[in-house]
Amino acid sequence: MLDIRLLRDNPDDVKTRLRHRGGDSWTLVDPVLECDEQRRSGETDRQRLQGERNRLSKDIGGLRSRGEDSSALETEVRGIGDRIKEIGEQADAADIRQRDLLMRIPNLPHEGCPVGADETANPVVRVWGEKPVFDGFAPQDHVALGQSLKLFDFEAGVRISASGFLVFTGAGARLQRALIQFLLDLHTTRHGYREVYTPFIVNRDCMEGTGQLPKFEDDMYGLEDNAFFLAPTAEVPVTNLYRDALLGPGDFPVKLTAYTPCFRREAGSAGRESRGMIRMHQFDKVELVNIVAPEDSFAQLEILTAEAETVLQLLGLHYRTIELCTGDIGFSSAKTYDIEVWAPGHGGYLEVSSCSCFGDYQARRMKLRYKDADGKNRFCHTLNGSGTALPRLYVALLETCQQADGSIRLPEVLHDYLKAKEILPDGTLR
RNA sequence: GGAGAGGUGGCAGAGUGGUCGAUUGCAGCGGUCUUGAAAACCGCCAGGCCGAAAGGUCUCGUGGGUUCGAAUCCCACCCUCUCCGCCA
């Protein structure tokens, strides 16, 4: 949520920056300011009347204690009470409408964010490694590899659930588990994260706090008449651990990591890059969440991104890091880097991590504050990044590590986790 | 699911219709003392909104209600704890 004072003081600047995102969110600025105007004038009137009522009520108390008649005053105060109610209802209605509109306005892109209309304008900021060369054979894609090695089963996923769900089997399931373990170990032991394990079902307050609601309700799996939702990302439960919190300056940086499944309807994604496990309704992810002081947040984004990149480096997977332009950045984000891993069989880069700094946008929505050195309460800044998403990491790993005979030579960092160095052509581990 | 108890400031914990936005303790901040620290003592210390400020106003789990006036009384809901039931 944006600071209403920002809109009051620089409405044109806010509109310009919202326009850079594309869409029509900038058209909400004027209606918000209208509500703000109504709210404040109603509030002023209400407060004046409340003051009057408070004074007269005290007088009544005085009269009564002296045994004098107070009925005339009581009638007057009753009338004031009625007007307070009437004016108050109008002010409250404006307040609710203002908040509702404000919750639908996305964050302002950071000043340094490249201006552009869509993903074609995203600059590449880093490239690590090179596309692997396959000697004497054409690399298979993960669907073919998974089938021949019996690592996962899409039809079983459909039978149990529906399209968009899959079952990992045998060595495939063990590889999945090994990757999760590897990722959590990396972030906890090497990057200083505290691991948390959260519920996968979250309430509306959480979804509003991190910015999935009210705008993206159709993309979420709702339960109990949409009072609860399956978490679309660990960002929601993990960041909301600190909803309504008041931190001290010594609490920073808060660094949390969590493994969770993620549930997304992917409404409107039909036909988009979705072969195999590239876009699922349920997928696993290890998430990184940071809570920091405002002055540190954008520097922290660089660190967070580097931590996510470490995953791919240790696995020996070629990737590139891009910065999202204003037209491609997420709703709550001020600045985002995407990490895209190379998938040789697929023949393209796949987004495995999105690392974002939200400024105080989420903190304001969820009342996440800290007491600064002067004892003043200020909103924290929040960040998160995938560290990383599992399915596409899995795809890139299989496709990069495949051998001419159809086996998979596992990266060294996984050997201990799997008690094996390769997946043989028959799907067994050795 | 049933019965009971309870939800008050960063934390703990008073307060049952009228200077209570709230006693007190701890933590925190400032100061005295000290070479320094500790201890002791003194002072400050909830948040939101309106306002240039002075100040005003709202908030005691949430939402309604009663009343001239509600942290305090009534109703509903949410949550926590204890006991019972059920259960991985």
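Naming convention: chains lettered A, B, ... in sequence-line order (proteins, then strands); numbering from 1 in each chain.
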Asks: Once you round it to whole Å, what is the distance between C1' of B/C79 and CG of A/Asp244?
Replies: 14 Å
Asks: Starting from C1' on B/G28, measure out to CG on A/Leu247 and report it in whole angstrom.
Replies: 15 Å
Asks: Using atom P of each nucleotide, how far apart are B/C60 and B/G48 to the nearest Å?
Replies: 16 Å
Asks: Provide the distance between the two P atoms, one in B/G6 and one in B/G55, to the nearest whole Å.
Replies: 40 Å
Asks: Under 3.5 Å, is there a donor-acceptor pair between the A/Ser333 and A/Thr336 side chains?
Replies: yes
Asks: How far does the C1' atom of B/G15 sit from the matching atom of B/G51, given to the nearest Å?
Replies: 33 Å
Asks: Quick one: A/Asp95 CG to B/C58 C1', roughly how many Å, whole number?
Replies: 12 Å
Asks: What is the distance from CG of A/Asp92 to C1' of B/G63, rounded to the nearest Å?
Replies: 12 Å
Asks: Under a 3.5 Å limit for both distances, which nucleotide forms a Watson-Crick or G-U wobble pair with B/A12, could you say?
Replies: B/U24
Asks: Whole-Å distance between B/G51 P and A/Arg48 CZ?
Replies: 15 Å
Asks: Scan every strand shown for a Watson-Crick or G-U wobble partner of B/G63, both distances under 3.5 Å, and answer none if you come up empty.
Replies: B/C75
Asks: Separation of A/Lys85 atom NZ from B/G69 atom C1', in whole Å?
Replies: 16 Å
Asks: Pick the nucleotide of RNA chain B nearest each of A/Leu56 and A/Thr44; which residue has the one closer to the 5' end?
Replies: A/Thr44
Asks: Look through every strand shown and name the nucleotide pairing with B/G4 as Watson-Crick or G-U wobble, where both distances are under 3.5 Å.
Replies: B/C81
Asks: Would you say the side chain of A/Leu288 lies within less than 4.5 Å of the side chain of A/His187, judging by non-hydrogen atoms?
Replies: yes
Asks: Return the residues of residues 198-209 of chain A meeting this criterion: a heavy atom under 4.0 Å from some atom of RNA chain B. Order them by number, or give none.
Replies: none
Asks: Are the side chains of A/Pro232 and A/Cys262 in contact, using a 4.5 Å heavy-atom criterion?
Replies: no
Asks: State plainly whether the residues A/Arg430 and A/Glu422 are in salt-bridge range, i.e. N to O under 4.0 Å.
Replies: yes
Asks: With rounding to the closest Å, how many angstrom separate the P atoms on B/G1 and B/G56?
Replies: 48 Å
Asks: For A/Gln362 and A/Glu235, test the side chains for any donor-to-acceptor distance below 3.5 angstrom and give the result as yes or no.
Replies: yes
Asks: With a 3.5 Å limit on both atom pairs, tell me what B/C41 is paired to, counting Watson-Crick and G-U wobble, or say none.
Replies: B/G31
Asks: Using the C1' atom in both, what is the distance from B/C45 to B/G25, to the nearest Å?
Replies: 14 Å
Asks: When the C1' atoms of B/U8 and B/U62 are compared, how many Å lie between them, rounded to an integer?
Replies: 15 Å
Asks: I'd like a table of atom pairs between the protein and nucleotides 44-49 of chain B - only N or O on both sides, under 3.5 Å - with the distance next to each one.
Replies:
| unit_1 | atom_1 | unit_2 | atom_2 | d |
| --- | --- | --- | --- | --- |
| B/G47 | OP1 | A/Asn377 | ND2 | 3.0 |
| B/G47 | O3' | A/Arg369 | NH1 | 3.3 |
| B/C49 | O3' | A/Arg39 | NH2 | 2.6 |
| B/C49 | O2 | A/Gln47 | NE2 | 3.3 |

Asks: Taking atom P in both B/G43 and B/U24, what distance in whole Å separates the two?
Replies: 11 Å
Asks: Taking the nucleotide of RNA chain B with the nearest heavy atom to each, does A/Glu52 or A/Phe228 sit closer to the 5' end?
Replies: A/Glu52
Asks: What is the distance, to the nearest angstrom, from the CZ atom on A/Arg53 to the C1' atom on B/U57?
Replies: 11 Å
Asks: Passes side chain to side chain donor-acceptor pair (under 3.5 Å), A/Glu309 versus A/Thr321? Steps please.
Replies: CA-CA 8 Å; A/Glu309 289 178 16; A/Thr321 302; 2.8 Å; yes
Asks: If we take the C1' atom in both B/G47 and B/G9, what is their distance in whole Å?
Replies: 9 Å
Asks: By the 4.0 Å heavy-atom rule, please label A/Asn54 as base, sugar-phosphate, or nothing.
Replies: sugar-phosphate
Asks: What I'd like to find out is whether the side chain of A/Met366 reaches to under 4.5 Å of the side chain of A/Asp244, using heavy atoms alone.
Replies: no
Asks: By the definition side-chain contact (heavy atoms from CB on, under 4.5 Å), identify the one residue from A/Thr400, A/Leu315, A/Leu312 that meets it with A/Val341.
Replies: A/Leu312
Asks: Show every donor-acceptor pair shorter than 3.5 Å between a side-chain atom in residues 172-186 of chain A and any protein atom, with sequence neighbours excluded, or say none if there are none.
Replies:
| unit_1 | atom_1 | unit_2 | atom_2 | d |
| --- | --- | --- | --- | --- |
| A/Arg174 | NH2 | A/Leu418 | O | 3.4 |
| A/Gln176 | NE2 | A/Asp284 | OD2 | 2.7 |
| A/Asp185 | OD2 | A/Tyr417 | OH | 2.6 |

Asks: I'd like to know whether A/Thr169 forms a side chain to side chain donor-acceptor pair (under 3.5 Å) with A/Asp153, so could you lay out the CA-CA distance, the side-chain angles of the two residues, the decisive distance to 0.1 Å, and finally the verdict.
Replies: CA-CA 7 Å; A/Thr169 56; A/Asp153 184 339; over 6 Å; no
Asks: Atom CG of A/Asp45 and atom C1' of B/G51: how far apart are they, to the nearest Å?
Replies: 14 Å
Asks: Check whether the side chains of A/Glu195 and A/Tyr259 place a donor and an acceptor atom closer than 3.5 Å, and report yes or no.
Replies: no
